[in-house]
Amino acid sequence: MNSTEARLADALRAAGDTIGPADVADPTLTPGGARRRWKAPVALLSAAAAAAVIAGGTLLGPAGHDARPAAGGSSPTPSATPAAEVRVSIVLCGRKSTVPRCRRSPATENDRKRLLNELQTFAYVRSIDAKADYEIAPKKGSNLIWARVATQDDAQRLARALLGRPGVESVVVYR
Amino acid sequence: MARARDDAAPAVTDLYRGHALGLTRLAFVMVGDRQTAEDVVQDAFTGLYRRWGHIEDRERALNYVRSAVLNGCRNALRARRRPLRVTHQPAVWSAETAALVGEERREVLAALARLPARQREALVLRYFSGLSEQEIAAAMGVSRGTVKSTTSRALAALGRLLGDDQ
């Protein structure tokens, strides 16, 4: 490894190490697979006739876990982030969805607009991003709407309100 | 398909547990702020969950999510260049991070940020994630030869920017 390579590797490692394990949400899906074995909050959402995955940690635990974990001692927070904010991804139905209902009737632009309008009426929704710049599907158009709410309870409330609506495949709650 | 759906949650959770930290660090060194890095990684895993039925094995799943993270970082960086977009602010290293990383390393990272996106990605995947040429090729969606030449050009350019070639 020459000088440039060594300097680069060292700088990248130093920058990367500022993110520690405590900075990454711990998933709370119950291992084992079947939806009926998921933990209570998820089962509640699933019962609303849509699949929901909760991949994010502390906010899904018992009451009082509604604060974002502080960075660990050796992994300080590298940038200021809003405290105790829960991110909710509303995944819209697509033709390639694994949910049969969605394959039969993918989300339309009207579905999307209706959802956006409705989100704006929820007082507990702090912000909405429908642009989905981090498009996870290499296809045209946006298939996600993001919303940020203050607490896990708000996230659960939002998920319950949206699941089963036309054009909504699933609701993913992070943190 | 229902079976695939049922398998998705534990499989994606396992992958998340094993790779979320590394991928968040990767996204962080690419985009420079933690919030965006977390968002990119979470979206990548959301995408993996949605497409689990179409992804046949774990290795492909990891490639998928790694590529999705790279795409997410590209999109985030592209969004910052749009003058009228306000959703994503430019990356700003916090004072705390800046102090931890140190001035000399920041100089290296600043030089890295000046490289074209593909060159930057190739270098980060090689020297941060420690991926092989084949793995980098899969993540970036290019051939091994392209990875080799891109990495070589990127290193030379970085060396010039840092004055290491003198």
Side-chain angles (χ1 to χ4, degrees), chain A residues 2-5 7-21 23-35 38 51 53 55-56 76-82 87 89 91 94 96-100 129 131-138 143-144 146 169-170 172 174-175, chain B residues 1 4-10 12-14 16-17 20-21 24-26 28-29 33-35 37-40 42-47 49-54 68 71-72 75-76 78-79 87-88 92-94 96-97 100-102 105-106 108-109 112 123-124 127-128 155 158-159 162 164:
Chain A
N2 66 29
S3 164
T4 303
E5 292 172 300
R7 289 180 69 187
L8 176 62
D10 173 63
L12 289 172
R13 190 170 50 248
D17 282 351
T18 62
I19 302 273
D23 298 321
V24 177
D26 185 37
T28 57
L29 286 174
T30 303
R35 267 172 274 173
W38 287 10
V53 56
T77 306
S79 60
T81 52
R87 182 164 175 269
S89 293
V91 183
K96 292 191 173 181
S97 170
T98 51
V99 176
D129 182 359
K131 299 293 185 186
D133 258 324
Y134 312 138
E135 230 168 56
I136 51 181
N143 54 10
L144 275 181
W146 295 353
E169 182 203 274
S170 53
V172 184
Y174 291 98
R175 289 183 191 275
Chain B
M1 195 61 80
R5 190 73 182 186
D6 284 344
D7 289 347
V12 172
T13 299
D14 281 351
Y16 185 90
R17 286 199 176 112
L21 175 59
T24 304
R25 285 174 167 169
L26 167 67
F28 178 64
V29 298
D33 75 277
R34 192 176 79 161
Q35 184 68 61
E38 287 179 355
D39 288 352
V40 163
Q42 290 174 358
D43 275 348
F45 278 96
T46 305
Y49 170 70
R50 292 187 67 222
R51 280 165 184 73
W52 188 255
H54 306 283
N71 282 335
N75 288 338
R78 197 177 298 132
T87 309
H88 309 292
V92 178
W93 296 89
S94 70
E96 196 172 18
T97 304
L100 278 169
V101 171
R105 288 165 176 158
R106 284 206 309 277
V108 176
L109 295 171
L112 179 69
L123 288 185
V124 171
Y127 293 98
F128 178 69
L155 266 182
L158 188 68
L162 294 171
D164 285 346

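Just so it is clear: chains get the letters A, B, ... in the order the sequence lines come, proteins before strands, and each one is counted from 1.
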Taking B:Arg105 for the side chain and A:Ala11 for the main chain, is one N or O donor matched with an acceptor at less than 3.5 Å?
no
Is it the side chain or the backbone of B:Leu112 that comes within 4.5 Å of chain A heavy atoms, both, or neither?
side chain
Testing the basics here: between A:Ala15 and B:Leu109, what is the closest heavy-atom pair and its distance to 0.1 Å?
CB-CD1, 3.8 Å
Output for pair (B:Leu123 CG, A:Thr4 OG1), nearest 0.5 Å, gives 10.0 Å
Value for CZ (B:Phe128) from CZ (A:Arg13), rounded to nearest 0.5 Å, stands at 9.5 Å
Nearest 0.5 Å please: distance from the CZ atom of B:Phe28 over to the CG atom of A:Asp17.
10.5 Å
Side-chain heavy-atom pair A:Leu12, B:Arg25 within 4.5 angstrom cut-off:
no
